[in-house]
Undergrad: 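Before anything else, here's the structure in question.
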There are 2 protein chains.
Amino acid sequence: MKAEIVTPKKSIAEYKQYDKFLLAVDCIIFGFDGEQLKALFIKRAFEPGLGKWSLMGGFVKHEEGVEEAAQRILNQLTGLSNIYMEQLSCFGEVDRDPGGRVVSIAYFALINITDYGDELMKEHNAKWFDLKKVPNLIFDHKKMVTLAKERLQQKVANHPIGFALLPYKFTLRQLQSLYEAIYETTIDKRNFTRKILDIGILNKLDEKEKESSKKGSFYYVFDEKKYRQLDKEGMKLI
Amino acid sequence: MKAEIVTPKKSIAEYKQYDKFLLAVDCIIFGFDGEQLKALFIKRAFEPGLGKWSLMGGFVKHEEGVEEAAQRILNQLTGLSNIYMEQLSCFGEVDRDPGGRVVSIAYFALINITDYGDELMKEHNAKWFDLKKVPNLIFDHKKMVTLAKERLQQKVANHPIGFALLPYKFTLRQLQSLYEAIYETTIDKRNFTRKILDIGILNKLDEKEKESSKKGSFYYVFDEKKYRQLDKEGMKLI
DNA sequence: ACAAAAGTGTTGTCTGTACACCCATGC
DNA sequence: GCATGGGTGTACAGACAACACTTTTGT
């Protein structure tokens with residue numbers, strides 16, 4: 001009836017009896033090159049798995065939160081801050097890392113692919129891979145990538161996070177290409193335009209993009225204020 | 001250009017330089033009493049937080065995977081195995097547990113409320129709480145519960161996991177009540193019946209439930225085979 | 001006979017989808 | 001003047017939401 005009968009009281013000191021673990025953060029970084037959805041992998045510079053492709057990652061430090069750690073690692077490797085980032089899942093199989101018992105918390109991040117400079121690319125031996133052509137990755141990283149892609153698809157259907165993958169201003173065609181890449185499908189131009197504009201989170205600029213067509217297509221920007229009004233419940237985007 | 005230039009090689013031994021953490025598992029256990037969606041909390045039997053309401057939890061052991069740990073803890077506390085369980089999120093704020101730096105992986109689980117016996121209830125000082133009347137919980141457990149409820153709502157819209165909250169055979173009214181409780185809404189009886197039967201994962205029995213009405217209402221059972229055919233993509237349930 | 005819950009169909013509205021032509025411009 | 005991608009409207013079909021009466025049976 002009372003707790004004392006069965007479960008012995010324990011003091012804070014007794015936390016010490018429990019096992020401790022190395023905690024890693026691994027980041028699936030998505031980018032979009034205008035045609036394909038890409039992920040960023042690095043050639044691993046240390047054992048185990050030296051020379052193999054791997055997600056960007058690092059170890060959590062004692063004095064930082066797990067979320068902070070992910071931000072720090074993303075920042076270290078991309079030079080970017082305020083990256084859109086979301087926790088994916090925690091991977092804790094006993095043998096997932098041959099180098100030791102490491103529990104990894106996977107995050108996925110969305111960046112504008114042009115923000116990631118060549119210097120950092122070379123410095124970290126990083127490379128963008130088409131998501132349809134993911135190379136062999138160490139440990140359980142491929143599982144992480146697969147899961148991340150699924151989550152991105154789910155999320156992007158109801159939340160306009162996809163904009164994080166595009167430049168500040170973009171055309172409706174670029175946005176459509178992005179959704180087509182994420183869902184590996186084709187979308188009718190008219191239906192897409194109507195739906196996305198009806199949501200009311202895009203502002204049309206006077207300016208046109210003139211690279212990819214003679215007529216030129218209008219730039220739009222994402223309207224964060226209008227977005228915030230709608231965000232809470234999620235909106236139907238696709 | 002090559003990894004060696006910038007990043008020094010590291011040996012496995014160097015994993016040792018990184019910090020280690022206590023890893024906990026906390027479980028949000030949902031149940032349904034026919035009217036309300038409930039969650040199971042226990043009165044904590046040790047410090048910190050002795051005597052306060054808390055989620056069921058425990059520490060991960062070195063020789064087990066995180067998922068295994070969650071199953072073990074659920075089994076210890078409920079006596080049940082093969083519980084429907086899903087990882088929710090990892091909580092890793094530095095100060096989340098005043099007893100030490102503990103990173104917690106939250107799982108949510110669905111059980112048939114009648115499977116959880118009185119003895120275990122007393123043994124662990126556990127109690128079912130209406131989800132609309134969650135008591136104060138230790139640490140960040142309330143955040144976990146809130147998130148778990150949101151995830152349950154999302155998940156249940158496309159996957160028939162709700163059946164895990166019901167007995168083997170149930171009436172359409174019970175099933176409807178469950179959905180009404182999960183979404184805190186009311187549903188039209190005719191629309192609900194039509195939709196759920198159209199999906200084709202329920203089998204009608206000849207038997208009637210006679211407790212709650214004079215006419216009696218037919219029992220149905222969940223058809224796992226039919227379900228598996230549809231599962232992959234998820235189905236629209238609500 | 002009546003109270004209490006079970007069961008069952010139809011209609012209007014909305015949402016999604018399919019589909020084709022003209023427009024503006026650079027070459 | 002023609003080739004290229006940009007922009008726009010309509011019609012049909014399926015999904016969803018609103019709505020009320022009859023059935024069964026225990027008391």
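Worth knowing before you read on, the calculation uses all heavy atoms, side chains too, and leaves out hydrogens, waters and symmetry mates. Throughout, a chain's letter reflects where its sequence line sits, starting with A, and its residues are numbered from 1.
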Undergrad: Give the rounded distance in Å between these two atoms: CD of B/E209 and P of D/dT24.
TA: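 It works out to 18 Å between those atoms.
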Undergrad: Write down the distance between CD (A/Q176) and P (D/dG7), rounded to a whole number of angstrom.
TA: 11 Å
Undergrad: Could you pick out which residue, A/K210 or A/K195, lies toward the 5' side of DNA chain C when each is mapped onto its nearest nucleotide?
TA: A/K195
Undergrad: Quick check: on DNA chain D, is the nucleotide nearest B/K236 upstream (toward 5') of the one nearest B/K189, or the reverse? Name the residue that is more 5'.
TA: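 Here B/K236 is the residue nearer the 5' end.
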Undergrad: To the nearest Å, give me how far apart CG (B/L237) and P (D/dA15) are.
TA: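 Going from B/L237 (CG) to D/dA15 (P), I get 15 Å.
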Undergrad: To the nearest Å, how far apart are B/I238 CD1 and D/dA15 P?
TA: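 Rounded to whole Å, this separation is 16 Å.
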Undergrad: In whole angstrom, what separates B/N191's CG from C/dA6's P?
TA: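 The answer, rounded to whole Å, is 16 Å.
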Undergrad: Counting side-chain heavy atoms from C-beta on, which of D/dT23, C/dA24, C/dC19 comes nearest to B/K215?
TA: D/dT23
Undergrad: Quick one: is A/K214 getting a side-chain N or O under 4.0 Å of the D/dA3 phosphate, OP1 or OP2?
TA: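 For A/K214, the contact criterion (side-chain N or O under 4.0 Å from OP1 or OP2 of D/dA3) is not met.
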Undergrad: Please report the distance, rounded to the nearest Å, between CD1 in B/I187 and P in D/dC19.
TA: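 Interatomic distance, CD1 of B/I187 to P of D/dC19: 16 Å.
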Undergrad: Atom CG of B/L175 and atom P of C/dG7: how far apart are they, to the nearest Å?
TA: 12 Å
Undergrad: Please determine, for the side chain of B/S217, which listed nucleotide (D/dG9, C/dA6, C/dG9) has the closest atom?
TA: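 My answer, after comparing the listed nucleotides, is C/dA6.
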Undergrad: Over 60° means perpendicular and under 30° means parallel, so tell me whether B/F139 and B/H141 are parallel, tilted or perpendicular.
TA: perpendicular
Undergrad: Hey, is B/D130 close enough to B/K132 for a salt bridge, meaning N to O under 4.0 Å?
TA: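 No salt bridge links B/D130 with B/K132.
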Undergrad: Quick one: is the NZ or CZ of A/K208 closer than 6.0 Å to the six-membered ring centre of A/F218, and within 45° of its axis?
TA: yes
Undergrad: Looking only at side-chain atoms of A/R194, point me to the closest of D/dG9, C/dA6, D/dT8.
TA: D/dG9
Undergrad: Measure from CG on B/D198 to P on D/dG14 and round the result to the nearest Å.
TA: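 Interatomic distance, CG of B/D198 to P of D/dG14: 14 Å.
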Undergrad: Could A/K143 and A/E93 be called an ion pair, given the rule that one side-chain N must be under 4.0 Å from one carboxylate O?
TA: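 No, A/K143 and A/E93 are not salt-bridged.
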Undergrad: Which nucleotide sits closest to the side chain of B/D188: C/dT8, C/dC19, D/dC19?
TA: D/dC19
Undergrad: Find which nucleotide of DNA chain C each of A/K208 and A/R190 is nearest to by heavy atoms, and output the residue with the more 5' nucleotide.
TA: A/R190
Undergrad: For this output row, return yes or no: ring centroids of B/F170 and B/F163 closer than 6.0 angstrom.
TA: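 Judged by ring-centre distance (under 6.0 Å), B/F170 and B/F163 do meet the cut-off.
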Undergrad: Pick base, sugar-phosphate or nothing for A/S212, based on heavy-atom distances below 4.0 Å to the nucleic acid.
TA: sugar-phosphate
